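A quick note: this is a predicted structure, and the numbers were derived from the prediction, not measured.
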Number of protein chains: 2
Amino acid sequence: MKLTEAKQQFISSWGAFGTHWGINRTMAQIHALLLITPDPLTQDDIMDQLNISRGNTNMNIRELINWGLVERILLTGERKEYFSAEKDIWKVIRQIVKERKKRELEPMLKLLDQLEEVEGDKRDRNVKAFVDIVGGIKKLGRQADKTLDAMIRAEESWFIGNMIKLFK
Amino acid sequence: MKLTEAKQQFISSWGAFGTHWGINRTMAQIHALLLITPDPLTQDDIMDQLNISRGNTNMNIRELINWGLVERILLTGERKEYFSAEKDIWKVIRQIVKERKKRELEPMLKLLDQLEEVEGDKRDRNVKAFVDIVGGIKKLGRQADKTLDAMIRAEESWFIGNMIKLFK
DNA sequence: ATGAGTTTTCAATAAATTTTGAAAGTTCGA
DNA sequence: TCGAACTTTCAAAATTTATTGAAAACTCAT
């Protein structure tokens, strides 16, 4: 397989993959393109390579920057902004985990705390079923929260080493 | 908070949560409703409680069954089908992980194997960047695959116990 | 201060996804 | 075999989400 074709495949698959995880196709594709490109790219480079409009490109680059996955690079003497993605996949994963934890897991746990305080007799099977489920989700959520915290702090070698020990 | 209100909140939050993970709102809401309802429900019960059409209800129940999260229950002497969700959250999570692994991680790893065999001189920085990224994703993906396998096989107590030991 | 180069915004449009509901299909007791 | 009860399908409609592109805003060397 030629490099050009392989790149194309990678970008398109990464885009499709993203849509299964609540990330929009274009954002994932831009990320993919920046991942496999050793040098920083400008907005125009990205527009040209992915055939997307300026507005779309701009909006999704900014979103990637918000996620901490892409950084703006200013080359001295150049007017244009360049963009570059973190290439260390372990760092990428940790960054994504960190953001999703903050955006989704933490608010969810906060909500569950409130819902668990529902009024009513625990002997009512409806109340019991509700409290049991909410409690169960909370317990697992709390554990996930701690585990992910540790993962975010961990070094790749430490993490993988421990995982292998734990699960082999 | 009253039970009715709490249920409503839970269903609606679970639905919103689902959309961040590539799951459609209705499917997540039906799942939520079945989770917090101790007794099996019919299609009509679900339609009424969530205010959705028959077709929509039917389609999403079937999808939940495909995911192994809901089961069809036939009560003797009743014509109607009833539906009930697995209530053990740990089992629910394992089931979801198992399915997503099969549907997404495994095909992705297969693709990466192909892409890594790109033609070209490794001294070309473009080829090198591509191969490095693909290789890196593959390595982490492989580890995730193994780890998730172990998790799927694990008992909750074993899993959480180990996690606590590992990460505290 | 000017204006060429560049980035950002956002209303309009397009595309993708979800939902509806009526019709077709199935099942089963009598 | 019939038909009532129930389930499934799917084309059309509604809704949601993504994309465009032109205009506005910004930036900086002169």
Side-chain angles (χ1 to χ4, degrees), chain A residues 11-34 40-67 69-85 103-104, chain B residues 11-34 40-67 70-84 103-104:
Chain A
I11 289 168
S12 125
S13 306
W14 205 248
F17 197 68
T19 61
H20 286 135
W21 292 86
I23 288 153
N24 96 36
R25 186 179 310 274
T26 303
M27 182 171 152
Q29 288 186 348
I30 294 177
H31 188 217
L33 174 61
L34 290 173
L41 296 179
T42 64
Q43 260 196 34
D44 292 79
D45 294 334
I46 296 169
M47 286 168 59
D48 292 348
Q49 296 215 37
L50 301 179
N51 264 292
I52 54 181
S53 72
R54 184 172 300 285
N56 196 10
T57 307
N58 189 269
M59 175 175 279
N60 282 292
I61 289 175
R62 260 183 311 125
E63 196 60 12
L64 283 165
I65 292 173
N66 281 344
W67 275 81
L69 298 171
V70 163
E71 65 169 349
R72 218 181 278 272
I73 289 180
L74 295 168
L75 297 184
T76 48
E78 286 259 25
R79 210 42 193 291
K80 280 199 188 87
E81 293 177 339
Y82 285 75
F83 301 96
S84 170
R103 295 173 190 212
E104 294 162 32
Chain B
I11 289 168
S12 123
S13 307
W14 205 249
F17 197 69
T19 60
H20 285 135
W21 292 85
I23 287 153
N24 97 35
R25 186 181 308 275
T26 303
M27 182 169 151
Q29 288 187 347
I30 294 176
H31 188 218
L33 174 62
L34 290 173
L41 297 178
T42 64
Q43 261 197 34
D44 291 80
D45 294 333
I46 295 169
M47 285 168 59
D48 292 347
Q49 297 215 35
L50 300 180
N51 265 293
I52 54 180
S53 72
R54 184 171 301 287
N56 196 9
T57 306
N58 188 270
M59 174 175 278
N60 282 293
I61 289 176
R62 261 184 309 124
E63 195 59 13
L64 283 165
I65 292 173
N66 281 344
W67 275 81
V70 163
E71 67 169 346
R72 219 180 278 273
I73 290 180
L74 295 167
L75 298 183
T76 48
E78 287 258 26
R79 204 54 186 288
K80 279 196 188 88
E81 293 177 339
Y82 285 76
F83 301 96
S84 171
R103 296 173 191 212
E104 294 160 33

If you measure from [atom1] on [X] to [atom2] on [Y], what distance do you get to the nearest 0.5 Å?
{"X": "A/Lys80", "Y": "A/Asp44", "atom1": "NZ", "atom2": "CG", "value": "5.5 Å"}
{"X": "B/Ile46", "Y": "B/Asn60", "atom1": "CD1", "atom2": "CG", "value": "10.0 Å"}
{"X": "A/Arg62", "Y": "A/Ile65", "atom1": "CZ", "atom2": "CD1", "value": "8.5 Å"}

Residue closer to the 5' end of DNA chain D, A/Arg79 versus A/Gly55 (nearest nucleotide): A/Gly55

Of all the nucleotides listed ([options]), which has the minimum atom distance to the side chain of [X]?
{"X": "B/Glu81", "options": "D/dT19, C/dT7, D/dT7", "answer": "D/dT7"}
{"X": "A/Met59", "options": "C/dC10, D/dT7, C/dT8", "answer": "C/dC10"}
{"X": "A/Gln43", "options": "D/dT8, C/dT8, D/dC6", "answer": "C/dT8"}
{"X": "B/Asn60", "options": "C/dT8, C/dT6, C/dT19", "answer": "C/dT19"}
{"X": "B/Ile52", "options": "D/dT19, D/dC6, C/dT20", "answer": "C/dT20"}
{"X": "B/Arg25", "options": "D/dT8, D/dT19, D/dT17", "answer": "D/dT17"}

Earlier contact from the 5' end, DNA chain C, for B/Gly22 and A/Tyr82: A/Tyr82

Residue closer to the 5' end of DNA chain C, A/Asp44 versus A/Thr19 (nearest nucleotide): A/Asp44

Atom-to-atom span, [atom1] of [X] to [atom2] of [N] - whole angstrom:
{"X": "A/Ile61", "N": "D/dT19", "atom1": "CD1", "atom2": "P", "result": "14 Å"}
{"X": "A/Ile46", "N": "D/dT20", "atom1": "CD1", "atom2": "P", "result": "14 Å"}
{"X": "B/Gln29", "N": "C/dT18", "atom1": "CD", "atom2": "P", "result": "13 Å"}
{"X": "A/Leu74", "N": "D/dC28", "atom1": "CG", "atom2": "C1'", "result": "13 Å"}
{"X": "B/Glu63", "N": "C/dT17", "atom1": "CD", "atom2": "P", "result": "14 Å"}
{"X": "A/Phe83", "N": "C/dT7", "atom1": "CZ", "atom2": "P", "result": "6 Å"}
{"X": "B/Leu64", "N": "D/dT7", "atom1": "CG", "atom2": "P", "result": "16 Å"}
{"X": "A/Glu78", "N": "D/dT27", "atom1": "CD", "atom2": "C1'", "result": "15 Å"}

N or O in side chain of [X] less than 4.0 angstrom from [N] OP1/OP2:
{"X": "B/Asn58", "N": "D/dT8", "answer": "yes"}
{"X": "A/Asn56", "N": "D/dT20", "answer": "yes"}
{"X": "B/Arg62", "N": "D/dT9", "answer": "yes"}
{"X": "A/Arg72", "N": "C/dT8", "answer": "yes"}

Side chains of [X] and [Y], heavy atoms from C-beta outward: is any pair under 4.5 Å?
{"X": "A/Trp67", "Y": "A/His31", "answer": "no"}
{"X": "B/Phe83", "Y": "B/Asp45", "answer": "no"}
{"X": "B/Leu50", "Y": "B/Thr26", "answer": "no"}

